[in-house]
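Note sheet for the following structure.
Here is how names work: the chains are called A, B, and so on, in the same order as the sequence lines, proteins then strands, and each is numbered from 1. These numbers come from the heavy atoms of this one structure, side chains and all, not from hydrogens, waters or symmetry mates.
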2 protein chains.
Amino acid sequence: MRIGELAEKTGVSRDTIRFYERNGLISSSVSDSTTNNYREYKDDCVVILKFYAGAREAGMSIADLRSIMESTADSCDPEVGRRVIQSKISELKERAGQIENVIRFLEKVKNGAN
Amino acid sequence: MRIGELAEKTGVSRDTIRFYERNGLISSSVSDSTTNNYREYKDDCVVILKFYAGAREAGMSIADLRSIMESTADSCDPEVGRRVIQSKISELKERAGQIENVIRFLEKVKNGAN
DNA sequence: TCAAACCATGGATCATTGTCCATTGTTTTT
DNA sequence: AAAAACAATGGACAATGATCCATGGTTTGA
């Protein structure tokens with residue numbers, strides 16, 4: 001599919017998709033046509049971009065996402081890949097714990113520890 | 001206390017404290033001295049800055065923190081304040097949910113849904 | 001066929017969240 | 001009293017994560 005359709009399906013803007021692609025988060029092929037050089041995206045790009053959207057909301061950086069993508073590439077030693085992903089999971093759990101702390105603090109403030 | 005001591009106690013740098021102060025996240029008085037205009041910070045600044053450090057890690061923005069601070073000010077209707085804080089709590093829970101999703105996704109990838 | 005919609009590229013711009021630096025003045029320490 | 005450490009101010013700089021724009025080409029659909 002082309003970029004417009006991908007943007008449509010994922011809610012991620014064309015500009016942002018191009019930005020992600022420049023930064024190695026997503027890849028595409030060049031269309032077969034000899035008259036244009038439109039990029040062609042595969043179906044799994046939809047899943048990937050939706051994952052990115054959630055991951056960004058969860059606080060992961062572009063660099064985090066890139067390292068995850070690289071760790072799942074065929075060229076990557078699967079053992080290394082698992083370690084990278086496990087470390088990202090740990091960071092996320094850490095962050096979840098922080099969020100819990102902040103929620104507790106705010107609950108206290110709300111209930112008049114003021 | 002002065003800014004150096006506050007930085008020391010909280011792990012937040014002088015520059016960052018000044019940045020927060022410029023942005024309405026923290027307040028200080030001017031020292032009594034007639035010879036300098038050093039700022040003077042109260043003890044509760046330590047607690048507040050530590051809260052900020054955790055909250056930033058949890059993904060809250062400066063604007064979020066400012067609105068929380070404003071909502072707990074004496075000048076603010078307590079009812080309004082509680083609503084603001086409740087909405088921030090909801091956002092944090094939302095974010096925690098996102099993190100759970102991302103973790104689940106990564107667990108799957110790690111276990112070879114590759 | 002011809003306008004409207006789409007695409008690529010490259011660069012500019014923006015907001016956020018700091019950090020760093022120079023300058024100048026004040027305390028503290030020695 | 002002189003040096004070292006600290007403080008205020010203001011502006012420059014930086015990284016991140018986008019978004020916007022101009023230009024020029026392509027596809028589509030009315």
Exercise for review: With DNA chain C as reference, determine whether B:Arg2 or B:Tyr38 sits nearer its 5' end, using the nearest nucleotide of each.
Suggested key: B:Tyr38
Point to revise | Side-chain donor/acceptor of B:Asn23 to backbone N/O of B:Leu25, under 3.5 Å | key: no
Exercise for review: Could you state the atom-to-atom distance from CZ of B:Arg66 to P of C:dT17 in whole Å?
Suggested key: 9 Å
Point to revise | Working for side-chain contact (heavy atoms from CB on, under 4.5 Å), residues B:Tyr41 and B:Ile17 | key: CA-CA 11 Å; B:Tyr41 297 89; B:Ile17 293 172; 4.1 Å; yes
Review point. With sugar-phosphate meaning primed atoms plus P, OP1 and OP2, does B:Arg18 contact a base, only sugar-phosphate, or nothing at under 4.0 Å between heavy atoms?
Key: base
Point to revise | Shortest non-hydrogen contact from A:Arg14 toward A:Ala7 | key: N-CB, 4.0 Å
Check your understanding: Between B:Arg14 and C:dG18, does any side-chain N or O lie under 4.0 Å from OP1 or OP2?
Key -> no
Practice item. Consider the side chain of B:Asn36, meaning its heavy atoms from C-beta on, and name the nucleotide among D:dA8, C:dT26, D:dA18 that approaches it most closely. Key: C:dT26
Exercise for review: Ignoring backbone atoms, test whether B:Ser33 places a side-chain nitrogen or oxygen under 4.0 Å from the OP1 or OP2 oxygen of C:dT27.
Suggested key: yes
**Study point:** Between P of C:dC7 and CG of A:Leu6, the distance in whole Å
**Key:** 10 Å
Check your understanding: Does B:Arg39 make a side-chain N or O approach to OP1 or OP2 of D:dA7 shorter than 4.0 Å?
Key -> no
Exercise for review: Please tell me which of the listed nucleotides, C:dT26, D:dA7, C:dT9, lies nearest to the side chain of B:Thr35?
Suggested key: C:dT26
Practice item. Kindly say if A:Tyr20 contacts the phosphate of D:dA18, meaning a side-chain N or O under 4.0 Å from OP1 or OP2. Key: yes
Point to revise | side-chain contact (heavy atoms from CB on, under 4.5 Å) partner of B:Val102, the single match among A:Arg56, A:Met60, A:Glu57 | key: A:Met60
Exercise for review: Take the protein atom CD1 of A:Ile26 and the nucleotide atom P of D:dA18, then report the distance between them rounded to whole Å.
Suggested key: 13 Å
Review point. In whole angstroms, how far is the P atom of D:dT9 from the CD atom of B:Glu21?
Key: 9 Å
Revision key, fill the gap. Atom CD of A:Glu57 and atom P of D:dG17 are separated, to the nearest Å, by 15 Å
Check your understanding: Please give, in whole Å, the distance from D:dA7 P to B:Glu40 CD?
Key -> 10 Å
Exercise for review: Could you tell me the separation between the CG atom of B:Asn37 and the C1' atom of D:dT9, rounded to a whole number of Å?
Suggested key: 9 Å
Check your understanding: What is the nucleic acid contact for B:Asp15, judged by heavy atoms within less than 4.0 Å: base, sugar-phosphate only, or nothing?
Key -> base
Check your understanding: Reckon B:Tyr52 touches a base, only the sugar-phosphate, or nothing at all at heavy-atom distances under 4.0 Å?
Key -> nothing
Revision key, fill the gap. Which of C:dT19, C:dT27, D:dT19 is nearest the side chain of B:Ser13? It is C:dT19
Practice item. Let me know which of B:Met1, B:Arg39, B:Lys42 forms a side-chain contact (heavy atoms from CB on, under 4.5 Å) with B:Leu6. Key: B:Met1
Review point. Atom CZ of A:Phe19 and atom P of C:dA15: how far apart are they, to the nearest Å?
Key: 17 Å
Revision key, fill the gap. Contacts of B:Arg22 and B:Ile3 projected onto DNA chain D by closest heavy atom; the upstream (5') one is B:Ile3
